[in-house]
Structures are given as structure tokens and as C-alpha cells.
**Q** 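Dropping a structure here in C-alpha cells format, bear with me for questions.
These values consider heavy atoms only, across backbone and side chains, with no hydrogens, waters or symmetry-generated copies. In what follows, chains are A, B, ... by sequence order, proteins preceding strands, each numbered from 1.
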Protein chains: 2
Amino acid sequence: MKVTARMDQPSRKSPSRIQRQNRKRILDAALDTFSQHGYRGATLDQIAEAAGLSKPNILYYFTGKEDIHLTLLNRLMLTWLEPLERMEADGEPLEELLGYIRRKLQMSRDFPRESRLFANEILQGAPRMAPHLETGLKPLFDRKCRLIADWVSAGRIAPVDPGHLIVSIWATTQHYADFEAQLAVLMPERAALWQGAEAHLEAMFRKLLTR
Amino acid sequence: MKVTARMDQPSRKSPSRIQRQNRKRILDAALDTFSQHGYRGATLDQIAEAAGLSKPNILYYFTGKEDIHLTLLNRLMLTWLEPLERMEADGEPLEELLGYIRRKLQMSRDFPRESRLFANEILQGAPRMAPHLETGLKPLFDRKCRLIADWVSAGRIAPVDPGHLIVSIWATTQHYADFEAQLAVLMPERAALWQGAEAHLEAMFRKLLTR
DNA sequence: CCGCTTTTTTACCATTTGGTAAAGTCACGA
DNA sequence: TCGTGACTTTACCAAATGGTAAAAAAGCGG
């Protein structure tokens, strides 16, 4: 019996060139839209227009609005945690931490939309992200907290609350992406902003972590 | 000729008890909704239900969705800038700054919805807030930057970039309100969170500002 | 160039959304 | 207690929104 087999995702295997291209365009447009308006504030029509495709065409590639959003969130988590993962036990503690801060700030500069997508989702109570936080972020966070605690008890950095240290790093670095609209008013010289930020954060955390 | 005089706001003068009460209920419900979903993601029906009023009744007190949002934003700016304004030239610089940090963190704890409303608006590019930023925040920011710069050149605190210092204070304190959903996963002991935050921020900025 | 699959368009649909008109209902001072 | 203005409800509406069905058009291997 021949079933017309409505596919959840078009063609399970070997996505065609067109598919790869269009899915990418859609996700890029959706990143713009979701990161600016949040999940509920974003509309499929907006995404469709930004992607240069018709709305039904978009729904040919994704099963729905939530599917697009979820796909973005899943992708994001991969790259988002990577800088923290790279902070390892075998380096000089201070340099490992400062390196992490530098990478995180770079991500804010180079991927502000991703940062805002994440911020929007958390602001709204992380309804579509709770599993990611629990299974992806939490274990990593705990692991790195232990690593920092070890550095502290070995006397290799100044005593500090590991959890709040990491939170401070997130807060200060992500702020430059998430509150860009505010900073554009307060510190209009955009070029100077980022190098000023890097110098300031480096100085601040260096001082904090040195006894 | 008798004109039925549709009023923009019901009764220009001496708002009745009912008016004060209902406007407050509406604004409170709207604060919940807007701070969680952003401007576009919030709906009048949601606000109406949270306020326990019918939608047309809400539109009797406010001319529209934007009116409600704008009213919230205007109110917010008053209280939001106050902690920074209270940081004055005549105190001990370090204590003035640490006092500001403490007040700002308290606001995050006591008024997280207001913090998130603000964050949402900035995330979305501050479309309804640009004037406030330009005429309200910017002058204050510049003034306090000069104050801090004076403290630095007088050698009363360690050398620091005043603008980025203020931004760091905003980032670290507001983060505890705006990313509450994330912190709830990572640091579940809610009571310890806030005192841990206060201790950590005090230590961090004290170290930064001490030569 | 044919036939089959993949992709896109056209035409819809039900629900939601911001908002209005107008008919009530309530409160309170004369 | 009665009239008048303040407040609330009911009944709508046009546009927007997420989504679907099915026909039409491209691609593409043979």
C-alpha cells in the first residue's frame, strides 16, 4: 500500500543543495527576528519576508514556528558553551580565566544576535530551554565551579565564590551585546567601545583574581 | 453645540478612588505581562485577565496598548535613575560607589519585573525609549562619569574607566534580576543567592577600586 | 525529452489581536 | 430619590497570525 508519506522534515537523508541553502536563510532570518522580538513577538510573516520566501514555503522546511525557534536554540547551545568548556585545569589559572573572559567578550561582539536570542529566552522564563539548562549548562557550570574552587584552595588565585565569579563574567560580557542599543547612546564611539571593554574587564578580573 | 467630549484619559482632574485603583491594577498586570513577553509578545487580553477587568474596560483607562507600555516606562525611569543620582561628590568615593552597587542590587531583588521590562525594551532596540535614554539617562551618565573621573585624578580611587565601571555595575546587578530563570537552575538556594551576590560584588568592586 | 520527485505558489481557514460603538449599570451629590 | 456623569458590559470589526490543501512549477536522473 502506497502511502504519500508527509515528511516531518523534507527528505530524511542527504539534504539537497536547495534545502541546505533555504534552511540556512530561514534560520538566519529567524535569528534576526526572534532575537529582536522574542518568541511571541516574532511572526512567521516577518521571518518569511526577511528570508525572502513565502510563509508556506517556510513551513515546508520547518513544521512550525516553534520548530524554527527550537532549532536555533539547539544550535546555539553547542557554540555557546564551548568557550567555557575550553577553560581547563592544565593551564595557568589566571590565564585560563582571562582567556575565557576574552573569548566570551568576542562572542558578544561577533554574535550579538545569538546573545540576544538567549537573553530573550531567559527573560521570558526559559520555557523552551529548561531542559537545555538542566542537562547542558548545569553540569558544565558545576564542573567549572569545582575547578575554580580547586584553584582557590590551592592558593593559585585569590579566594572568590566560583559561582558568582562565573555569573559576573557572563553578566559583564553579555551585557555588551544585549544592551547594545543603550550603549550606542551612552558611548557612541563604537570602535573604542570594544577595546575599552576588553581592557576594563581584563583589568577588573585580573585584580579580583590576584591576591 | 454640545460635544460629547471623548476624553483621552478619563476625567482630567482629581482621579476618583476607582480610577486610581483600577489604573494601578492595570499597570501592575501590564508590568507582569510586558516584562515577561516584551511589547509585541504581550497581549491586551492577557493584561485584562491578569488585572481582572474586561478588555474594553482597560481601554477606558488607557487609550491603547502603547499608552500602557509608555506609562510604565515613564514611571520606571523616575525610580530607576534615583540610585545613581544619589551617588554624590561629597562622600567618601569608595563608599559612594559601593553604596550605589548595594542599592542597585537591592532594586534587582525587590523590583525584578521593572528590571526585565527595561531589559526587554533595550533588547528590542529601545524603540519606545530612545528619547528617555537621550534626555534622561545620558546626561546623568555623563555627569557621574565626570565625577568618577575626578575621583580617579584626585587619586581617591584606583584608576578605572568610569563609563565601563558604571556599565559593569549595571551588568552585574541587573543580571541577577534579568537572568533569574537561569540562576534558579544553577544556584537553587534562593536565599543564599542574594547575600552571596552582595558579598561577591562588594568584594569585587572594592578590589577594583582600591589601589 | 520524459517522468518522477522536490520545491514553490495560490487560495484558503480558524483563531487571535487591538480596538470601537453603544447600550447598560453604578455612585453620589442635590 | 432622582438625575447625571462615571464606569462596565455586550456585541462587534478589520487586520494579523499560525497553519493547511492542493495545484503548479522546477529540478533532475535516465
Side-chain angles (χ1 to χ4, degrees), chain A residues 2-27 29-30 32-34 36-72 127-128, chain B residues 2-27 29-30 32-34 36-72 127-128:
Chain A
K2 210 193 260 173
V3 175
T4 342
R6 169 138 183 73
M7 326 175 225
D8 282 354
Q9 245 70 350
S11 121
R12 308 86 165 73
K13 55 173 57 176
S14 74
S16 74
R17 183 177 30 79
I18 293 180
Q19 264 185 60
R20 272 195 307 276
Q21 191 195 62
N22 280 351
R23 279 182 70 95
K24 199 160 71 180
R25 285 171 64 189
I26 293 168
L27 288 174
D32 272 348
T33 309
F34 281 129
Q36 199 173 129
H37 299 289
Y39 180 74
R40 292 196 38 181
T43 74
L44 282 179
D45 291 287
Q46 237 178 308
I47 295 171
E49 195 191 333
L53 297 172
S54 68
K55 182 167 59 176
N57 201 2
I58 279 186
L59 293 169
Y60 170 74
Y61 290 101
F62 293 89
T63 58
K65 187 183 178 181
E66 189 159 14
D67 183 24
I68 302 176
H69 194 247
L70 238 44
T71 303
L72 283 174
R128 274 163 293 282
Chain B
K2 210 195 256 174
V3 175
T4 340
R6 168 136 185 76
M7 329 174 224
D8 283 353
Q9 245 69 354
S11 122
R12 306 88 165 72
K13 53 174 57 176
S14 74
S16 73
R17 183 178 29 80
I18 292 180
Q19 264 186 61
R20 274 196 306 276
Q21 190 194 64
N22 280 351
R23 279 183 69 95
K24 198 160 73 179
R25 284 171 64 187
I26 292 168
L27 288 174
D32 272 347
T33 310
F34 282 128
Q36 199 172 131
H37 298 289
Y39 180 74
R40 291 194 41 180
T43 73
L44 282 179
D45 291 288
Q46 237 177 307
I47 295 171
E49 195 190 336
L53 298 172
S54 68
K55 183 166 58 177
N57 202 1
I58 279 185
L59 293 169
Y60 172 74
Y61 291 101
F62 293 89
T63 58
K65 187 183 177 182
E66 190 158 14
D67 183 23
I68 302 176
H69 194 246
L70 239 44
T71 303
L72 282 175
R128 274 163 293 281

**Q** Using whole Å, report how far CZ of F34(A) lies from P of dG18(D).
**A**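 After rounding, the reported distance stands at 9 Å.
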**Q** Of the options T63(A), I58(A), T33(A), which is the one that meets I68(A) in a side-chain contact (heavy atoms from CB on, under 4.5 Å)?
**A**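 Going through the options one by one, the only one that passes is I58(A).
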**Q** Using a cut-off of under 3.5 Å, enumerate the N/O to N/O pairs linking the protein to nucleotides 27-30 of chain D.
**A**
{"unit_1": "dC28(D)", "atom_1": "OP1", "unit_2": "R17(A)", "atom_2": "NH2", "d": "3.2"}

**Q** Between Q21(A) (CD) and dT6(C) (P), how many Å, whole number?
**A**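 Whole-Å distance recorded here is 18 Å.
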**Q** What's the NE2-C1' distance between H37(A) and dA16(D), to the nearest Å?
**A**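 The distance from NE2 of H37(A) to C1' of dA16(D) comes to 15 Å, rounded to the nearest Å.
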**Q** Can you tell me if the side-chain N/O atoms of Q19(B) get under 4.0 Å from OP1 or OP2 in dA6(D)?
**A**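 Looking at the OP1 and OP2 atoms of dA6(D), neither is under 4.0 Å from any side-chain N or O of Q19(B).
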**Q** Does Y60(A) place a side-chain N or O at less than 4.0 Å from the phosphate oxygens OP1/OP2 of dT7(C)?
**A**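 Yes.
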**Q** Rounded to the nearest Å, what distance is computed from the CD1 atom of residue I68(A) to the C1' atom of nucleotide dT17(D)?
**A**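 Spelled out: CD1 on I68(A) to C1' on dT17(D) is 14 Å.
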**Q** For a 4.5 angstrom cut-off between non-hydrogen side-chain atoms, does K65(B) reach F34(B)?
**A**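 Yes, at least one pair of side-chain atoms sits under 4.5 Å.
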**Q** R20(A) CZ to dT6(C) C1': how many Å, rounded?
**A**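 Rounded to the whole Å, the gap is 14 Å.
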**Q** Listed by chain and number, what are the salt bridge (Lys or Arg N to Asp or Glu O under 4.0 Å) partners of R25(A), not counting sequence neighbours?
**A**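 Partners of R25(A) under the salt bridge (Lys or Arg N to Asp or Glu O under 4.0 Å) test: none.
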**Q** Ignoring backbone atoms, test whether N22(A) places a side-chain nitrogen or oxygen under 4.0 Å from the OP1 or OP2 oxygen of dT8(C).
**A**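 Yes, such a contact exists.
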**Q** To the nearest Å, give me how far apart CD1 (I47(A)) and P (dT17(D)) are.
**A**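 Rounding to the nearest Å, CD1 of I47(A) and P of dT17(D) are 11 Å apart.
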**Q** Is it the case that the side chain of R128(A) and the backbone of L70(A) share a donor-acceptor pair, with hydrogens and angles ignored and the cut-off at 3.5 Å?
**A**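 No, the answer is negative, given that no donor and acceptor are paired below the 3.5 Å cut-off.
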**Q** For nucleotides 9-18 of chain C, tabulate all protein N/O to nucleotide N/O atom pairs closer than 3.5 Å, reporting atom names and distance.
**A**
{"unit_1": "dG18(C)", "atom_1": "OP1", "unit_2": "A42(B)", "atom_2": "O", "d": "3.2"}
{"unit_1": "dG18(C)", "atom_1": "OP1", "unit_2": "K65(B)", "atom_2": "NZ", "d": "3.0"}
{"unit_1": "dG18(C)", "atom_1": "OP2", "unit_2": "L44(B)", "atom_2": "N", "d": "2.7"}
{"unit_1": "dG18(C)", "atom_1": "N7", "unit_2": "K55(B)", "atom_2": "NZ", "d": "2.8"}

**Q** Could you check how far CD of E49(B) sits from C1' of dT9(D), rounded to whole Å?
**A**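 Spelled out: CD on E49(B) to C1' on dT9(D) is 17 Å.
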**Q** Under 4.5 Å between any side-chain heavy atoms of D67(A) and Y61(A), yes or no?
**A**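 SC-SC contact between D67(A) and Y61(A) ruled out.
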**Q** Can you check the D67(A) CG to dG19(D) C1' distance for me, whole Å?
**A**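 The distance from CG of D67(A) to C1' of dG19(D) comes to 13 Å, rounded to the nearest Å.
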**Q** Could you pull out the closest heavy-atom pair between A29(B) and A50(B), with the gap in Å?
**A**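 Nearest heavy atoms, A29(B) then A50(B): CB-CB, 3.6 Å.
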**Q** Just grab all the salt bridge (Lys or Arg N to Asp or Glu O under 4.0 Å) pairs involving residues 40-53 of chain A, residues at least two apart or on different chains.
**A**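 Sorted pair list: D45(A)-K55(A).
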**Q** At what distance, to the nearest 0.5 angstrom, does CZ of F62(B) lie from CG of L44(B)?
**A**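 Spacing of CZ (F62(B)) from CG (L44(B)) equals 11.0 Å.
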**Q** Who pairs with H37(A) by ring-ring contact (aromatic ring centres under 6.0 Å, His included), at least two apart in sequence or on another chain?
**A**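 Per chain and number, H37(A) pairs via ring-ring contact (aromatic ring centres under 6.0 Å, His included) with no residue.
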